[in-house]
Each structure stands twice: as C-alpha cells, then as structure tokens.
There are 2 protein chains.
Amino acid sequence: MSTASKTRHKYEIVAAGIRATIADSLGPNDALPSERELMEIYNVSRMTVRAAIARLADEGLVYNVHGSGTYVGSPDLFAKAPKLTSFTEDMVSRGYAPSSRVLEVSRVAAVAAVATRLGLAPGGECTKIRRLRLADGNPMALETVFLPGEVLPMEEFDAKSSLYGQLTDRGYEIHRAEQEIHAVTLDEDASGLLAVPLGSAALEIDRVAVDRRGHPVEYARTIYRGDRYSFQMAVSRESGDK
Amino acid sequence: MSTASKTRHKYEIVAAGIRATIADSLGPNDALPSERELMEIYNVSRMTVRAAIARLADEGLVYNVHGSGTYVGSPDLFAKAPKLTSFTEDMVSRGYAPSSRVLEVSRVAAVAAVATRLGLAPGGECTKIRRLRLADGNPMALETVFLPGEVLPMEEFDAKSSLYGQLTDRGYEIHRAEQEIHAVTLDEDASGLLAVPLGSAALEIDRVAVDRRGHPVEYARTIYRGDRYSFQMAVSRESGDK
DNA sequence: AAGTGGTCTAGACCACCGC
DNA sequence: CGGTGGTCTAGACCACTTC
C-alpha cells in the first residue's frame, strides 16, 4: 500500500493504478477494463494506457488477446521475467537474509579467459574479488568476480557495501549481461567452503555484465549449491524476428 | 537475403530496413540515423519508427541512449534473449542435428507434482512421453513430457514429427513457460541412457508451458548432460517495476 | 454488428547528452 | 545550445473476437 510517490510519468501512475485494481478485485484470467475505458478512468490518451499495459505485460502480470481484451496473468508466472540481479537482490527476493565472507581481494593480470570476456589485452590489470555468499547464515554460493582495473581498483573496494552500488557510484552502471549456466560437480576446495560432500552437484553461472554502451564491467563466476539453489525464469515464445 | 515479403505492417518494413542497414554498413556501437531521420527515410510517423526500434531493442540488436542516440548492440549479446524453444529448435540453433529415441508413450494418472503443475485434479488422465534426445547422433538429454489427456491423447502422438507442431495443430499453441533449472547428479538409469559415468553432473530443466490464456499445456522435465550442454541467456537490468 | 486490441498519423513538450 | 530519445495527445482505421 501507499507506494512511493515518485511516479513522474503518467503511464507509471496508470500502471500503478491497474496494479492496485488487480490486487484489490481481480483474479487470474479476469478481464481488465478496456483500453478505452481506462483512458476515461485515468483521463489520459490511449497511447499512455497502452504504455502502462505494455509494462505490466512485460512483467507477466497481464496479457493481451487481440480482439478480446486484456487479462490478468496466472500467479505462477508473475515477476519471473529473467532479470539481472545481484546476489543480494536475488536472495532478498527469495526471502533469505544475505551475507558475505570475503576470501580474497587482489590485483591480478587477466588470464586469457578473463581478458577475452572483459575485452582487455591479455595480462591486463584487473581486480579479483572472491567471496563466500551466505543465505540465512549458511553457505549458498562461491563467487569470483573480475573487474577491469579502471572500473574498480582493489584499494577502492568496500567489502561492506554492495558491489553493484559501488560500480554505479563510479559511473559504471550495469545494463545487461550474458549468462551461461553449467552443471558441475564440486571439487575439494569448493565443497569444503560450501559445506557439502565432495562430488555434489552445483550450478555454475558465468556472467559478463556490460554497461549501456556494451563495455564489459564485470565477469563473475558463481557456483551455487545444487541442493539449495535453482534458477527460475519465465520465457515466452517469439521474441525473435519471426 | 531477400527475406519473406510477408511484411504486413509498416513497422516491420522499417525494422527490416534497419536490420539491412546494420548488416550492410554498421558495426557494434555505431549510431543509427536518428528517429526523425528514419521518419523521412521510410516516410512514416515517429511512433512507427519507435515501434520498429523497440522490436529490435527487444532482440538486443540495438540499444537506446537517452539524449544521445540509438546504437548497434555488441555481437556477443545478439539473439540471446531467453526464448522458449523446443529441443529441436534449440539444437538446430546450436548447430547440431537433433534426433530422438522414444522410450515410452503411455496414458498415466497424474501424480500430485504433475497434477499441480498442469492444473489437473490429482489422478487426472495425462499422456506421458519419454524420449532420449540426441545431437549429432550422441545422447544429449533425457526428456519426460506430461500433457493433459485432452491436449494430446497418447494414440494421437506422432513420434516422427515435432511435438510443438502437433500441439499447435490441435489448437494448443504454447505462448509462455516457467522454467526451473537445477543441478543434479545422474543415477544409474539416467547415466546409462546418456552414456556418461554414474554421478556425473547434469542440468535438469523443469518447464510448465501455457497457452495465451494461461492454461497449462505441457509439463516437461529434461535432464541435459552437463559435459555437453549449457544454458545461455542475455538478461537486462530493470525489467520490473522500478 | 459491436467491442476489443493493433497499428498509425501529425503534431507537441520534456529530459538528457554533448559540444 | 541544438540534437537526441522519452512521453503524451487526439484523433483514425484495421484485424480480430464474440455474440
């Protein structure tokens, strides 16, 4: 209730209003008022209504049926659109209390695999941060992050605050990322840190994050305990050209 | 070249034109003509130009910078938007020749886990299809699909043609899905079929696919060999409410 | 036939970027 | 400051669904 009043744009106001209507009085697959009705309700033009609905549809909250109407989506499919989140954000959204134990902060020369992903010359300077990530105090993941030296020199890293926040403050706002998800079995080192048996299954997520202009900002390799973590996402058919 | 001429809408024509321009003469991070220039080039209104650009931006082909311009995206991030694909489509896009060996087709009563996901009453009738999926003739994945009985009775299943195609033909077009990705270790049965050692790591992808109205059409559990398969996707920040 | 969402026009002003 | 994308209006016609 009484959400932030930071709604600058009209379509945000309309979207918030529709959200509230759904929460108050609509269930899955119920029809929303028609776009023309919404125009009158919110006293805006149709394009503004459509911008608001498009936003909600992106989230999976509603869906359109041409010639019929706009409907409330199924609750299972809410808010699962693949989104780029930090470990902290991810854990909070899952209902865990996140914390960290820093294992290593160092300045290293990029090996080929890292240099390629970060667009650096081989041997280029980068900052390496290795952290054990905890959820509700128990090991959840083992994360190794590489950042180009100029993005965040190791001396400037503050282990106590959000890495993404620090990057944003320094003018490197992450915009999108490419991720690759593998299944791996844990070696002695990783299984010890994650407190699971040697040979346990784990999800390894490799991520190259870039800023709005496509310049690499971060290469992160995170190994999640297979028994505690699964990756969830909603996908839709046709997002491509056809 | 000389793509299909089925471009009914103006924004599709504009999008195709921009695509061609990029392919012909632009590289990553080059600027597109401004929206107002594109209006004149294609003789359309600005909203139509923006609809075309929005489509291309969805695909990751271009990105906008407020106050500056629209630019060509980095090739690494092309066409990786998480998309709902069948195994066959997925393998083809990865450059493999897909094939299948049907292990089981049967009519079963839905156990609780299946009934819940498909929105059926417990014990409701459904069709179960279990297939070994091959890529270039070698085992890649083990797939178990459950379909509500009325969606596809087991007698009607044609092992030789695409399941998704059969569903579409019967009026059950899949629109979106929720997926959950786990890391697992393979038991004796699965490791034997997939031709890898017992205890190997594998990716298990559980998927509930629904039609445009949110009705479940398919529940599929697919176990991919960890040594051959990884899941790749591009994600962007902010797709949610803020 | 009536109502719905989908596309489209021809304008307008605002917010942001870079010189 | 001029140019860019972002939002917005007030209309219009088309394609589709529903009765």
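Every chain is numbered from 1 and lettered A, B, ... according to where its sequence line falls, protein lines coming before strand lines. The model shown is predicted, which means the values in this text are computed figures rather than measured ones.
- Taking atom OH of A:Tyr71 as the reference point, atom P of C:dT4 lies 10 Å away to the nearest angstrom.
- The interatomic distance linking B:Asn43 (CG) with C:dT9 (P) rounds to 8 Å, in whole Å.
- Contact annotation: B:Thr48 does not reach the phosphate of C:dT7 (side-chain N/O to OP1 or OP2, under 4.0 Å).
- Between A:Arg55 atom CZ and D:dG6 atom P the separation is 12 Å, expressed in whole Å.
- Residues meeting the side chain to side chain donor-acceptor pair (under 3.5 Å) test with A:Tyr229, sequence neighbours left out: A:Asp90, A:Arg94.
- We find that CZ of B:Arg46 is positioned 19 Å from P of C:dT7, with the value rounded to whole Å.
- Nucleotides of DNA chain D nearest to B:Leu32 and A:Ser45 differ in position, and the one nearer the 5' end is that of B:Leu32.
- Less than 4.0 Å separates DNA chain C from at least one heavy atom of each of the following residues of residues 33-41 of chain A: A:Ser34, A:Glu35, A:Arg36.
- Note on B:Thr70: a side-chain N or O is less than 4.0 Å away from OP1 or OP2 of D:dG5.
- Of the possible donor and acceptor atoms, none in the side chain of B:Asn64 sits under 3.5 Å from a partner among the backbone N and O of B:His66.
- For residues 117-129 of chain A, the set of pairs meeting the side chain to side chain donor-acceptor pair (under 3.5 Å) definition, not counting sequence neighbours, is empty.
- For A:Glu156 and A:Arg170, the salt-bridge test passes: some basic side-chain N is under 4.0 Å from an acidic carboxylate O.
- If you measure from atom CD1 of B:Ile13 to atom P of C:dT7, you get 13 Å, rounded to the nearest angstrom.
- For the side chain to side chain contact (heavy atoms under 4.5 Å, CB included) with B:Cys126, the lone residue among B:Leu152, B:Val145, B:Val108, B:Val111 that qualifies is B:Val108.
- Residues A:Asn64 and A:Gly67 both approach DNA chain C. Their nearest nucleotides, taken by heavy-atom distance, put A:Gly67 toward the 5′ side.
- Taking atom NE2 of A:His66 as the reference point, atom C1' of D:dC16 lies 5 Å away to the nearest angstrom.
- Regarding contacts with the backbone of C:dG6, a side-chain N or O of A:Arg50 is found under 4.0 angstrom from either OP1 or OP2.
- The environment of CG in B:Asp158 is crowded: more than 12 heavy-atom neighbours from other residues, nucleotides or ligands sit within 6.0 Å.
- A salt bridge links A:Arg50 with A:Glu35: at least one charged nitrogen is closer than 4.0 Å to a carboxylate oxygen.
- When the C1' atom of D:dC14 is taken as reference, atom NE2 of B:His9 falls 9 Å away, rounded to whole Å.
- When the C1' atom of C:dA12 is taken as reference, atom CE of B:Met47 falls 16 Å away, rounded to whole Å.
- Distances from the side chain of A:Lys10 to the nucleotides D:dT9, C:dC8, D:dG6 place D:dT9 closest.
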